> 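I have a structure here, written as structure tokens, and I will follow up with some questions on it.
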Amino acid sequence: DDSSFQFEDDLTIFTESVKTRTAHPRKAKQVRIRTNFGCKDPGSINNGNVERLFNSNANGWTSSTKIESTIQTMIDHNIGAATLQETWCIGDYEREIRGFLVLHHNYNEREPDWTGRERRGVAIILSPRFRKAYERAGSLPPIKTPQDNPRFKGRFIGVTLRFPNFDSYGKRIKGNSTFFLTSIYHPYEPQHYDDFNDLVATLLSQSPPKATILIGQDINADVGTKLTPDSADFSDVLGPHGFDKRNEKGSQILSLFQTM
């Protein structure tokens with residue numbers, strides 16, 4: 001959905017369940033967030049500043065061509081932050097690329113008994129403006145899945161952002177708006193899904209008090225819509241758009257978001 005909206009609560013979710021070859025906004029899930037901070041144009045709609053974010057399963061973010069394409073896309077489309085899953089890069093690191101800050105998390109080395117691809121890797125990319133918000137929040141170390149958890153490491157990273165508040169005329173006013181931005185890659189295997197959701201709940205609980213939580217994720221599940229049968233219990237976390245199908249993993253993750 002490429003529409004703008006006003007925050008009404010402290011949880012915003014944008015998901016991507018279709019793998020894409022490139023992290024491009026026309027192929028990735030996008031949201032535009034209308035905020036009450038950073039406004040310098042009194043004539044803007046609702047006196048707010050629109051911040052554009054996108055989320056994508058990168059299906060590998062290891063080539064210099066794809067990395068450069070992602071950064072250029074963010075510049076061309078004025079994207080404030082991007083959340084990526086399945087980078088397939090190794091380790092935890094921070095890296096600057098053309099003024100953009102990349103914060104990455106994955107396992108440091110492959111477990112000897114792993115089979116199949118299992119490359120994982122999650123990343124958050126901050127534009128210069130969002131990087132300032134990260135620094136304003138104290139450049140707090142990202143919250144990540146622990147390296148001593150072989151099943152789930154490389155699947156969660158979250159950072160705190162803090163933006164100054166402005167009134168409708170662009171004048172700086174007291175206080176800041178705090179956000180906790182995450183990139184999450186859920187396991188495909190049903191037997192691990194519920195345990196991972198429990199870990200996600202624990203990690204999200206470590207976000208700053210009163211922070212607005214923004215979640216970019218590949219959920220590896222079918223959640224359906226509010227029009228899907230038996231959706232009454234999930235009406236507060238589901239919208240009307242999407243595929244009209246839900247599986248057990250979808251019900252599990254919807255139950256998780258209901259508790260937040």
Side-chain angles (χ1 to χ4, degrees), residues 1-7 10-16 20 22-39 48-58 61 66-87 89 92-105 121-144 155-165 176-185 203-204 207-208 211-219:
D1 191 338
D2 201 26
S3 61
S4 302
F5 60 92
Q6 192 85 22
F7 279 124
D10 62 355
L11 180 68
T12 301
I13 305 164
F14 48 111
T15 65
E16 171 64 38
T20 59
T22 57
H24 191 284
R26 284 194 294 271
K27 296 182 179 180
K29 179 65 179 180
Q30 306 169 58
V31 293
R32 284 183 178 176
I33 302 169
R34 189 169 300 285
T35 62
N36 65 345
F37 58 80
C39 175
N49 189 43
V50 173
E51 298 294 349
R52 193 177 192 187
L53 316 178
F54 82 85
N55 178 70
S56 177
N57 182 311
W61 204 62
K66 182 174 282 190
I67 293 171
E68 175 61 25
S69 175
T70 302
I71 299 300
Q72 190 60 49
T73 293
M74 294 182 70
I75 294 171
D76 292 344
H77 295 271
N78 194 28
I79 293 170
T83 51
L84 305 180
Q85 300 83 45
E86 282 207 279
T87 64
C89 302
D92 296 333
Y93 61 80
E94 293 186 13
R95 181 178 302 164
E96 180 180 338
I97 305 175
R98 297 173 63 185
F100 287 67
L101 182 64
V102 178
L103 302 107
H104 184 269
H105 167 60
V122 286
I124 294 173
I125 309 173
L126 303 177
S127 68
R129 169 171 161 75
F130 273 63
R131 181 177 182 174
K132 288 181 180 178
Y134 175 62
E135 294 168 350
R136 188 178 291 110
S139 299
L140 299 174
I143 294 174
K144 302 170 289 191
R155 292 188 177 275
F156 181 109
I157 186 171
V159 297
T160 301
L161 310 173
R162 188 163 292 144
F163 293 87
N165 288 330
N176 296 283
S177 297
T178 302
F179 296 81
F180 186 67
L181 175 64
T182 70
S183 178
I184 308 175
Y185 178 46
L203 295 172
L204 289 176
S207 62
T212 297
I213 299 175
L214 303 172
I215 303 176
Q217 59 188 341
D218 183 336
I219 59 175

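Index from 1, following the sequence. On a predicted model such as this, the values are computed, not experimentally measured, just so you know.
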> Quick one: pull up SG in Cys89 and CG in Leu84 and give me the separation to the nearest 0.5 Å.
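Nearest 0.5 Å value for the SG-CG distance: 9.5 Å.
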
> How far apart are the closest heavy atoms of Ile79 and Leu53, and which atoms are they?
CG2-CA, 4.3 Å

> Could you tell me whether the side chains of Ser177 and Asn165 share a donor-acceptor contact shorter than 3.5 Å?
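There is such a pair (donor and acceptor under 3.5 Å, judged by atom type) between the side chains of Ser177 and Asn165.
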
> Between the side chains of Gln217 and Thr182, is a donor N or O closer than 3.5 angstrom to an acceptor N or O?
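The answer is no; no qualifying pair exists.
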
> Keeping the roles fixed (side chain from Ser183, backbone from Ile157), state whether a donor-acceptor pair exists under 3.5 Å.
no

> Using modelled atom types only, decide if a donor and an acceptor are shared between the side chain of Lys144 and the backbone of Asp92 within a distance under 3.5 Å.
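Here the side-chain-to-backbone pair does not exist.
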
> Would you say that Ile184 contacts Val122 through its side chain, given a criterion of any heavy-atom pair below 4.5 Å between the two side chains?
no

> Report the distance from atom CG of Leu101 to atom CZ of Arg95, rounding to the nearest 0.5 Å.
11.0 Å

> What's the shortest heavy-atom distance between Gly216 and Asn55, and which atoms?
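It is C-OD1, 3.3 Å.
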
> Among residues at least two apart in sequence or on other chains, which ones pass side-chain contact (heavy atoms from CB on, under 4.5 Å) with Ser127?
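By the side-chain contact (heavy atoms from CB on, under 4.5 Å) rule, Ser127 matches Phe100, Arg129, Phe130.
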
> Can you give me the closest heavy-atom contact between Arg136 and Pro164, atom names plus distance?
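That would be NH1-CD, 3.2 Å.
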
> Between Leu214 and Thr83, is there a side-chain heavy-atom distance shorter than 4.5 Å?
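They are not in contact (no side-chain heavy atoms under 4.5 Å apart), so the answer is no.
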
> Could you tell me the separation between the OG1 atom of Thr178 and the CD1 atom of Ile213, rounded to the nearest 0.5 Å?
12.0 Å

> Residues in ring pair (Phe, Tyr, Trp, His ring centres under 6.0 Å) with His104, at least two apart?
Tyr93

> If you measure from CG on Leu140 to OG1 on Thr160, what distance do you get to the nearest 0.5 Å?
5.0 Å

> Taking everything shown except Asn176 itself, do over 12 heavy atoms lie less than 6.0 Å from its CG?
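Yes.
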
> Side-chain contact, heavy-atom cut-off 4.5 Å: Pro142 with Tyr134?
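When only atoms from C-beta onward are counted, Tyr134 and Pro142 do touch, with a gap below 4.5 Å.
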
> What is the minimum heavy-atom distance between Phe156 and His105, and which atoms define it?
O-CD2, 3.3 Å

> Are Leu126 and Leu161 close enough that some pair of their side-chain heavy atoms sits under 4.5 Å apart?
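Yes, side chains in contact.
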
> What pair of heavy atoms forms the shortest contact from Pro128 to Gly99, and how long is it?
CG-O, 3.6 Å

> Under 3.5 Å, is there a donor-acceptor pair between the side chain of Arg155 and the main chain of Tyr185?
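Yes.
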
